[in-house]
Amino acid sequence: MEKKTSLIYCVLTLILSLSLTLVGFPVLAADNSVTVNELIENSADYNGKSVSITGEAIGECLERGNNAWVNISDGSNAIGIWMTKEESAMITYYGDYKYTGDTLVITGIFYEGCKEHGGEPDIHCSTLIISHTGEMKSEKIPAVKMILAAGFASLALILYITYRQIFNKKPERNNAD
Amino acid sequence: MKNSEISVRSAEIISYYAGLVILGTSMLMIIPVVTAILSREWVPLLDFIISAGIAASLGLLFVLLGRRTKGHSASVQWKHGFAVAALSWVMLMFLCSIPYMLSGHTRSYLDACFDVMSGFTTTGLVLTQDLDHLSNALNMWRHMLTFIGGQGMVVLALTFIVKESSGGYKFYVGEGKDIALVPNVKGTARIIWKISIVYLLFGTLVLWIAGLFIGLNPASALLHAIYIFESAWSTGGFAPNTQNIMYYHSFLYEAIAMVFFIIGSFNFGLHYAIWQGKRKEFIRNIEIQSFAVTAFLTSVLAVAALSKTGLYSDAVSLYRRVVFNVLSAHTTTGFGSLYARQFALQWGDAGILIMVIAMLIGGSACSTAGGFKGLRVGIVFKGIIADVKKLLSSERSMRVYKFHYMKDIVLEDGLVRASALIIICYMVLFGIGTLLGTFCGYSLADSAFEASSVTGNVGLSIGITSASMPAVMKIYYIFAMYLGRLEFLSVFALIGMAITGVKKIWKRKQV
């Protein structure tokens with residue numbers, strides 16, 4: 001009987017913990033989840049605190065010894081994330097004209113004037129989650145642009161031929177007055 | 001009859017030379033076209049073919065309209081030189097904006113025009129959206145524009161297109177440059193380009209090696225090196241990424257960029273003198289003396305003001321975040337090693353005021369830099385000293401005051417007055433910009449910071465310049481950048497000629 005009661009208690013505790021985790025996690029996550037512009041606007045408040053930021057990896061990984069800089073853009077602005085080389089190796093795509101970069105969820109300590117990095121505002125990464133893998137963008141060539149390109153190139157050519165004909169025919173006598 | 005004939009000739013002269021400048025710029029679009037092909041960016045390739053086609057057609061049309069001018073460059077007067085420079089810049093702004101607009105990275109054509117004028121005038125303020133996803137072709141174009149704008153588009157056209165050279169000096173002065181390195185203006189223009197190209201090759205190599213060292217891959221290190229050198233040398237301040245110079249997270253990269261933007265802010269005459277072995281010119285030149293004093297004072301004052309905040313506690317931080325930005329402002333470069341809003345939120349009134357002063361003073365005359373120039377500051381300062389000395393000395397004493405600017409020059413009242421007049425014009429432009437900012441709801445400090453940045457062709461922002469700012473401010477900022485770069489005279493000449501032309505037509509109609 002006692003064994004049965006303890007088991008029920010255990011199950012109830014487990015359900016309660018799980019429920020709290022599931023309900024509470026988004027709230028906790030929302031608490032320290034910020035945008036880059038919010039960090040800059042309230043840098044004194046966030047300085048030295050753990051923040052969570054979601055953004056696209058952009059440019060390329062800049063390796064420095066055992067560490068690396070990864071720049072991420074969240075649409076409002078971009079910021080440098082200081083992480084280990086192993087963490088940076090998890091990132092597959094960096095955003096540029098041809099690629100959409102991986103979407104990263106970074107949790108780390110924000111410094112408004114990082115002493116380690118010459119007073120730069122940055123985030124030292126604690127955890128890195130890749131929430132969405134990037135991809136190569138497909139470049140669709142619009143037909144309108146092709147027609148316009150052909151049209152204006154032809155117009156320029158016609159005017160150039162006219163220019164050559166006019167200037168070759170009477171180079172000096174144009175200004176008779 | 002004779003008057004109307006003269007005005008017709010004026011219009012033809014302006015049309016012919018403006019057409020040549022436009023034609024020359026359309027040819028430059030070959031570089032982004034090649035970049036697009038090498039990078040396999042097919043849509044930007046079409047964008048540049050369309051833009052080059054439109055620009056070349058318009059340029060040829062202008063040349064054809066003014067065809068009677070060909071071979072008669074001797075009839076070019078000062079007013080034509082000024083008007084051609086001023087008109088070419090406006091026309092080119094509209095034409096060079098087309099690739100921006102077609103790329104879809106600007107919210108409006110006005111924003112595209114803003115960015116082009118910002119590039120031409122080596123300002124560096126940006127309204128282009130999502131810089132991190134820009135094509136290599138468009139990035140090449142952005143940085144090319146600022147590089148060419150620094151040396152001057154008219155100077156470029158003079159060097160490579162216009163065969164006859166008489167009358168050329170008027171175009172050259174019209175573009176805000178007035179130093180004759182050699183007697184022939186084409187020779188002077190060629191020297192300016194030779195100096196810039198040699199530095200471009202050297203600077204790109206240095207930054208490419210530095211780029212490899214900080215972790216960029218070889219191909220992108222080369223592109224970044226070209227972009228950052230072009231921006232630094234022309235004191236432009238554009239960068240290929242949103243974070244500007246902060247993207248690299250490197251003291252080395254910032255230090256190299258700083259060296260090039262300081263050198264870029266020096267007078268081309270000084271570069272030429274040093275190339276010819278006249279090293280003493282570097283110490284004796286009034287502009288270098290003026291720059292050394294004002295750069296030192298503004299840097300020390302900014303460091304003192306920012307030290308109080310406790311934000312930057314060590315020397316490296318103060319150097320990278322304070323001195324770098326002050327020198328970037330003083331040389332009118334506009335590379336930022338801070339976020340725009342950090343100036344407003346962390347620098348305080350003292351820091352902002354120091355930056356405003358540095359941005360307004362600017363770099364050297366006949367350089368790529370903006371502002372009212374160290375030369376004029378030096379002349380006015382020496383003029384004041386001379387006046388005080390005259391007051392204190394005996395009435396019978398006749399002393400001649402001189403200053404050194406490539407050679408010893410007598411400090412005449414007319415020269416002091418002319419320098420003071422240009423400084424007043426800049427201050428009026430700055431005042432109106434500040435007033436407009438406050439009218440649009442921004443704080444006085446923010447408005448003054450941004451107004452000094454556009455007036456001095458700097459490019460640092462405190463956060464006002466954005467795609468969402470009022471259109472009236474965008475238009476005023478375009479006008480202020482344009483006036484500031486051409487140093488007023490050319491634009492005044494163009495406006496004056498337009499008014500005279502309208503008056504003549506009006507009178508003819510009444511008769």
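Numbers restart at 1 for each chain; the letters A, B, ... are given by sequence-line order, proteins then strands. Heavy atoms only: backbone and side chains are in, while hydrogens, waters and symmetry mates are out.
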Q: Walk me through it: do Tyr319(B) and Phe324(B) pass the test side chain to side chain contact (heavy atoms under 4.5 Å, CB included)?
A: CA-CA 6 Å; Tyr319(B) 184 76; Phe324(B) 182 91; over 6 Å; no

Answer with side chain, backbone, both or neither: which region of [X] has an atom nearer than 4.5 Å to a non-hydrogen atom of chain B?
X: Tyr94(A); answer: neither
X: Ser43(A); answer: side chain
X: Glu41(A); answer: both
X: Lys98(A); answer: side chain
X: Glu112(A); answer: both
X: Ile158(A); answer: neither

Q.
Please classify the contact of Pro44(B) with chain A as side chain, backbone, both or neither, using a heavy-atom distance under 4.5 Å.
A. both

Q: Tell me, with the steps shown, if Asn71(A) and His249(B) meet side chain to side chain donor-acceptor pair (under 3.5 Å).
A: CA-CA 10 Å; Asn71(A) 293 300; His249(B) 311 283; 2.6 Å; yes

Q | salt_bridge(Asp314(B), Arg320(B)) N-O dist < 4.0 Å | A |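 Salt bridge between Asp314(B) and Arg320(B), a charged N being under 4.0 Å from a carboxylate O: no.
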
(Q) Tell me the closest heavy-atom pair linking Val36(A) and Ser76(A), and the distance in Å. (A) N-OG, 3.7 Å

Q) Who wins among Leu318(B), Leu102(B), Asn241(B) for the most heavy-atom pairs under 4.5 Å with chain A? A)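 Most pairs with chain A among the choices: Leu102(B).
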
Q) Using the ring of each side chain (for Trp, its six-membered ring), is His224(B) parallel, tilted or perpendicular to Tyr248(B), with breaks at 30° and 60°? A)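 Geometry flag for Tyr248(B) against His224(B): perpendicular rings.
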
**Q.** Mutual orientation of the aromatic rings belonging to Trp82(A) and His124(A) [parallel < 30°, tilted 30-60°, perpendicular > 60°]
**A.**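 Judged by the thresholds at 30° and 60°, the geometry between Trp82(A) and His124(A) is tilted.
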
